[in-house]
There are 2 protein chains.
Amino acid sequence: MDIIEINKVLSNKTRVNILKWLKNPELNFPPHQDIDHFNDGVCVGYIQDKTGLSQSTISTYLNSMQNADLVIPTRHGKWTYYKRNEDVIQAYIEAIQNEL
Amino acid sequence: MDIIEINKVLSNKTRVNILKWLKNPELNFPPHQDIDHFNDGVCVGYIQDKTGLSQSTISTYLNSMQNADLVIPTRHGKWTYYKRNEDVIQAYIEAIQNEL
DNA sequence: ATTACATATCTATATTTTTAGATATGTAAA
DNA sequence: TTTACATATCTAAAAATATAGATATGTAAT
């Protein structure tokens with residue numbers, strides 16, 4: 001858990017938003033066509049639509065979020081789903097609380 | 001209190017360290033020559049010495065920290081002292097807790 | 001008023017980040 | 001076994017950040 005790395009990720013509005021949206025996928029995204037839950041998170045396409053940014057930008061963002069261990073990818077057929085990594089997010093929050 | 005702005009500031013190791021050092025000035029800095037307390041924080045020169053970076057870099061860093069309201073400057077004669085802005089830091093920690 | 005010193009600002013360069021478009025890869029369906 | 005589609009990676013350009021050195025400013029002592 002690298003606070004500096006995480007803060008870098010969270011110093012961009014879109015990336016913070018993505019993390020927040022993933023907290024309540026059912027409120028922020030349409031249902032997936034192949035599965036009826038968000039257990040593994042949300043597919044890249046939906047996240048892209050919601051942000052209005054290009055596909056490559058969102059892919060890059062999600063990759064940086066994954067490198068910081070903030071999200072976990074799961075492949076389902078053609079789609080990659082991303083969900084929050086709650087353990088790391090919680091550890092980050094506690095580190096901010098205790099160290100800052 | 002702008003979380004994105006604060007995260008930008010806190011995405012650099014030196015700036016995070018400065019904020020941490022200012023939590024316990026007596027442990028991290030020598031006593032000032034003109035006053036015998038750290039009520040208004042620590043002078044720029046001591047912070048510069050501790051980091052080993054150039055004077056202009058530290059001045060820029062402190063300025064960015066001040067813009068994000070993380071620190072409060074006080075002029076004492078020739079010196080500018082910087083201390084933590086505990087209210088904003090606390091509000092930031094709570095925002096991270098509640099919103100993230 | 002001149003000098004010395006602490007800090008801020010300006011100028012400039014190297015590095016990093018942001019972002020898009022083009023291309024590649026992997027998977028499923030026809 | 002092509003085709004279509006979702007996502008990732010590569011390439012490249014613009015913008016932002018990091019940082020040093022030079023210069024400016026403000027304050028205090030002489």
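Excluded from the calculations below are hydrogen atoms, water molecules and symmetry mates; all remaining heavy atoms, backbone and side chain alike, are included. As the structure is a prediction and not an experimental result, all values here were calculated from the model. A, B, ... follow the sequence lines: proteins, then strands. Residue 1 opens every chain.
Where Gln33(B) and Thr60(A) each meet DNA chain C at their nearest nucleotide, the meeting point lying more 5' is that of Gln33(B).
Separating the CZ atom of Arg75(A) from the P atom of dC5(D) is a distance of 16 Å, rounded to the nearest angstrom. If you take CD1 of Ile58(A) and P of dT18(C), they are 12 Å apart, rounded to a whole angstrom. To the nearest angstrom, P of dT16(C) lies 19 Å from CG of Asn12(A). Rounded to whole Å, the distance from CD1 on Ile4(B) to P on dT18(C) is 11 Å. Atom P of nucleotide dA6(D) and atom CD of Gln48(A) are separated by 10 Å, given to the nearest angstrom. Here dT17(D) presents its C1' atom at 19 Å from NZ of Lys13(B), a figure rounded to the nearest Å. Between the C1' atom of dT17(C) and the CG atom of Asn7(A) lies a distance of 16 Å, rounded to the nearest Å. For Leu62(A) and dA8(D), the CG to C1' distance is 11 Å, given to the nearest whole Å.
Among the nucleotides dT7(D), dA8(C), dC10(D), the one closest to the side chain of Ser59(B) is dA8(C). Among dA20(C), dA28(D), dG26(C), the nucleotide with an atom closest to any side-chain atom of Lys78(A) is dG26(C). Nearest nucleotide to the Ser54(A) side chain, out of dA20(C), dA6(D), dA8(D): dA20(C). Each of dG21(C), dA8(C), dA20(D) was ranked by its minimum atom distance to the side chain of Val44(B); first place goes to dA8(C).
Contact annotation: the side chain of Arg15(A) never approaches that of Leu10(A) to less than 4.5 Å [non-hydrogen atoms, C-beta and beyond].
Tyr82(A) has a side-chain polar atom (N or O) that falls below the 4.0 Å cut-off from OP1 or OP2 of dA8(D). Taking 4.0 angstrom as the limit, Arg15(A) places a side-chain polar atom (N or O) nearer than this to OP1 or OP2 of dT18(C).
In this model, a donor atom of one side chain and an acceptor atom of the other lie less than 3.5 Å apart for Thr57(B) and Ser54(B).
In this model, a side-chain donor or acceptor of Gln55(A) finds a partner on the base of dA8(D) within 3.5 Å. Between the side chain of Thr80(A) and the base of dA6(D) there is no donor-acceptor pair of N/O atoms closer than 3.5 Å. The base of dA18(D) is not paired with the side chain of Thr57(B) by any donor and acceptor separated by under 3.5 Å.
Between Asn85(A) atom CG and Met65(A) atom CE the span is 11.0 Å, to the nearest 0.5 Å.
Under the 30°/60° scheme for interplanar angles, the aromatic rings of Tyr46(A) and His32(A) are found to lie parallel.
With Lys50(A) contributing its side chain and Asn28(A) its backbone, the two residues share a donor-acceptor pair below 3.5 Å.
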